[in-house]
Structure formats: C-alpha cells, structure tokens
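Numbers for residues simply follow the sequence, beginning at 1.
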Amino acid sequence: MSLGCYQTVLFPTEGKSDFSSWNPLKNSQLKGNKISGVKFSNFQVSQRRKCIPMKLKSLLSVDSAVEIEGKKGVNTGSKYDAIVIGSGIGGLVAATQLAVKGAKVLVLEKYVIPGGSSGYYQRDGYTFDVGSSVMFGFSDKGNLNLITQALAAVGREMEVIPDPTTVHFHLPNNLSVQVHREYSEFINELMSKFPHEKEGILKFYGECWKIFNALNSLQLKSLEEPIYLFGQFFQKPLECLTLAYYLPQNAGDIARKYVKDPDLLSFIDAECFIVSTVNALRTPMINAGMVLCDRHFGGINYPVGGVGGIAKSLAEGLIDQGSEILYKANVTNIIIDQGKAVGVKISDGREFFAQTIISNATRWDTFGKLLKAENLPKEEENFQKVYVKAPSFLSIHIGVKADVLPPDTDCHHFVLEDDWTRLEEPYGSIFLSIPTVLDSSLAPKGRHILHIFTTSPLEDWEGLPPKDYEAKKELIADEIIGRLEKKLFPGLKSSIVFKEVGTPKTHRRYLARDMGTYGPIPRQIPKGLLGMPFNTTGISGLYCVGDSCFPGQGVIAVAFSGVMCAHRVAADIGLEKKSPILDAALLGLLGWLRTLA
C-alpha cells in the first residue's frame, strides 16, 4: 500500500492468472461529476458498501497488449529523447509529462503490465490490488492532486469513490482512532481521547497544515531548475520560506514541542510509520505535513475497478502522445559513453539509445546492478551513508465470505495490539485494506477482499528449501490472520475461501527491487529531507525517479518525483527554458546542503 509510504506488492506465484487489461473509463456505467482527470461517483459516502452498478469488461489481455506493442515496432535504432527504466507511478508520470511536452519517450518494463507496486492481478473472480489501495493525490482540487493532473495531461480520467475514513487505528491500551475524511471530525475524536492534550494536538497538526498549504499554493516543478525556483520565490516568498524552514526538521521533534503524553506521541509515531515506515523522530516534517493533511483536503479516493487502472490509463495516454512502452523488457545495463549515459541494454541483447536515461529502479539497483558498483559517484556514496534500505513486506491476499465483516467496516485498518515497542519490528504492525467495502465489483458476489501486510526482512526467507519456505509462509500468515481474527473479525479463519501469500522474495523477483525494499530510510535521526537526493545524478544524462528520490516513499511522493524529473529533463533537452550558469550554481548548492545531512 501507500498510505504515504507502504507500497506492498503480491504477484501470483502459483497457477495461472488472468491478467487483464481494461479501462474503467471506457466501460463504466456509472455517472458522476467529471473534473479533469477524476470523476466522482454519484452516491453518498454513507452508501459506500452498496454494490456499484457496473461491470468492467476485459478489453485486451496483457500478452495481447505486449504483442500489439511489438507490432507497432519499437525500433532499437530509434533515437529517443528519454528512455525510462520501469513503469512504476514515478516512471510513468515522468514519461507522460515529457511526452506531452513533445519528447519522444520509450518506457521499458520488465513485467507484463505497467504499474509496479501499483498494479493488479485477477484470480478466481477477484481483482486484487497488488499494492496500495490508499490513493493520495487523486482529488479534484489544489496543486497536490498529482495523479489527477497526470491523467488529465494525457487526456485520461478515472471514476473514483471517496473513502470516508483514511484509516482506523487499533492500538495498545485499547486506543481506537478513526482518521475521518473531515478534518474536524478527526481532530475532535483525537482530542476526545486525549482531552488534556487539546492544545498540543491543535498546534502539531496546525504546523502540518502550514507545510501543506505552502506546498499546495505552489506550481510543483523541479527544485533543481533555478528559473522555476526563483520565479516561485518571487511570486510566493512566504510559502517558499516556510518550506525552507521545515526542510531540515522532523515530525517527532515538532510533536515533542507541543505534546507530552507518551501514548499520544506513540500515536503520532504510528501516523508517521504509515508515511515513512519509521517513527516520527525519523520522518521528515515535510512528508508528514503533505500526507497527514492531503487526506483531509483532497481526501482518499479509490479508483473504480481497482488501483491498476491508474498505470494502465497512464500507459495508454503515453502511447496516444506518440511515445512507446515495451513490456517483458528487462534492462540489465545502462550504457555509458565518455562519462555520459546514452542508452540501455536489455536481457535479450537489444540496445536502445536516447539523449537521457531515467531510472525508476531504486538507487541501489541503479548504481549497484545497472551500473558497475565500483564506479559509484561520490553523491551516491554519500546517499548510502545516510540511508539504508527499508524493510520489505509479507503480503497476504484473501477472499472471505462477506458476512464475517460487521456492517460499516472501514476500508483500512492499522493494528498494533499490545506493545508500542513492536511498531517498527518485523511482523509487529499489521496494515489491512478491504477495498471491496468501497467497490464490491472487485470480488464475486457475497465475498470481500482482505489485503494484509506487515514488515518482513528478506533475510527471514533466504536459504530455505522450497518445502520449508512454503511451510513458513503458511505459518506466519496463519499467525497474522489469527491476530486479526482476535482483534477485529471473529470467525475470520473459517470464512476464508481464497488465500495467496507473498514474501520479500516475491517482491524482489517481480519488481526487481534490491532486497525487496520499498525505498530508503535514514540510518539515524536525519535532518529532515536535507540528505534526500533529487533527480539528477553524478553521471551526465542519467536521472533517477521514484521513492529513493526527494521527497521519498508513497504514491503522492513518487508522483511529485516524476513531475520534478520531467521538468528537469525537459530543460536539459531544450523543451523548457534553462540557464547553464544558474543550473551549475543551484546544483552545487543543493549538493553542498546534502553534505550537511
């Protein structure tokens, strides 16, 4: 998922899956309000558990899509403006933003569908989101609705269902908190749990709003492009100075200025863990402000038919703009010529060339596998000193009999039953998504989908014989499901009619992410976002995009990364204004600031 940061993924490992390619916009029978890239379904939030009167038709199998792409003739001799390695949300946003500016872009995707951890798969009548079902940046207002804007830029729109509760926390000491869509409802509920901390609650979340409002007032482009940056400063000086003030700060330090109650501070840790997979003291305040407020400003909105439609729609829009995407294209090397990235080589031996190369792989994969590690640029050495790989996840998809869920069950839950110290431990916290409470078309009639995930290190799964590996999957999955049965849903185990379990090895295999990681976390308490690299790298012509770039993990964050990357690349290939002198000065300044982290 990505409630800011989690992006767990499960791809089928056994049997035959019906990977289908569909466009919910072309097939939806729902009528709603269309607002540039997003269309809100016409039914009240309180009615969200009713069946949605629609069926999505499978227009094209993925294998057929790949074949058709090939017939269009991706030419190894073509010279592209940009090649994007990987079709995660960050990569697709960068690709589509460049395409609409007039660039010729080629996206190379290892798998058979786009989306990475924002993909989907179908099995036995279920449509499973392989990762996040919590969609930030998917609203009809503001400047941080980056998914909506990305879709609209390529003439795409998706129908969405508003989620009235971002997440329901079930925490130690019987602390239960619902994060309502309406900010006033959430803040009143939290103050009712901690009446003695009313002032501290208002001040902490008030600071989050200062950050969000500053971000939301700006036209978001590359922070590495000085003409844009100076223009924004002169137009919005107070907002820019606000963000500069918070850039080196962490959420935990701000919280401790106002809050003393240890349980409330632990709750804020849990809020930040969902944003960044670390506690509040290690979560940059800008990230916290962006996510903890957008859930109320634009709200969480679920795409009808499932999250996989986002990447599918972006990929279709990319092709409509005259650019290309090639599936089953596993990039093995980035080609360097005289110190500049000029092309890529894929596993079947073909080579493709472009003015610029954009890697949507992690920085560890980019500089440790696609490039020779011994040639690691100094900037990347510094990055790896400050950040380590975040843990991976154990992911469980189950189909259950619908009557096991009480009426008005929330879509998303976070469970940490007994001990706050287990928050960041492997298998300590559980995140649960039940997307069928919003969109019943995702499962057969009378069934619900539960997507359960918890942090899990790859080391726990290495070196096991196949039989022991499968037995361990079943054992740990049974324990996790048992905890949910005890805490939330009595009779859950006996209601299961479908189950599939994925481990960090699954994530590594299908997403080509080193150790199955979902991005970087700081080695120690960081100085906010000072140490996080942007899109440019120490190699000319090579850019990075995604969760190991500023501003970090999460759907809205990687979309922001994609927008920034496209703007910087567009300037470098002559599609946007640029000043070489100012570029050199700004990039040098940013590099120096990162050394302070």
Whether the H567 and N535 side chains hold a donor-acceptor pair (N or O, under 3.5 Å, no angle test) is what I'd like checked. no

query: Should the ring pair W209 and H296 be called parallel, tilted or perpendicular, given that the plane angle runs from 0 to 90° and is split at 30 and 60?
result: tilted

Legend entry - Electrostatic pair D547-R363, nearest N-O below 4.0 angstrom: no

| Would Y80 and F353 count as a close aromatic pair, with their ring centres under 6.0 Å? | no

Sorted by chain and number, sequence neighbours left out, side chain to side chain donor-acceptor pair (under 3.5 Å) with S548 holds for none

Pair K328 + D348: basic N to acidic O under 4.0 Å: no

Open item on the list: Pair K369, D514 - check side-chain contact (heavy atoms from CB on, under 4.5 Å), show working.
Closed with: CA-CA 9 Å; K369 296 178 182 177; D514 193 25; 3.5 Å; yes

Those residues at least two apart in sequence (or on a different chain) that pass side chain to side chain donor-acceptor pair (under 3.5 Å) with T356 are none

Determine yes or no for a side-chain-to-main-chain donor-acceptor pair under 3.5 angstrom, with D439 supplying the side chain and S441 the backbone. yes

**Message:** Check this for me: K101, atom NZ, are more than 12 non-hydrogen atoms of other residues, nucleotides or ligands nearer than 6.0 Å?
**Reply:** yes

**Message:** If you take the centroid of each ring, where Trp contributes its six-membered ring, are Y327 and Y111 closer together than 6.0 Å?
**Reply:** no

By side chain to side chain donor-acceptor pair (under 3.5 Å), H448 pairs with (sequence neighbours left out) T436

Exactly one of V344, N360, N330, L108 clears side-chain contact (heavy atoms from CB on, under 4.5 Å) with I85, and that residue is V344

Residues R181 and D163 bridged, charged N to O under 4.0 Å:
no

Measure the acute angle between the ring planes of F128 and H397, then classify it against the limits of 30° and 60° as parallel, tilted or perpendicular.
-> tilted

- Message: Quick check against the 3.5 Å criterion: does Y387 have a side-chain atom that pairs as donor or acceptor with the backbone of P520?
- Response: no

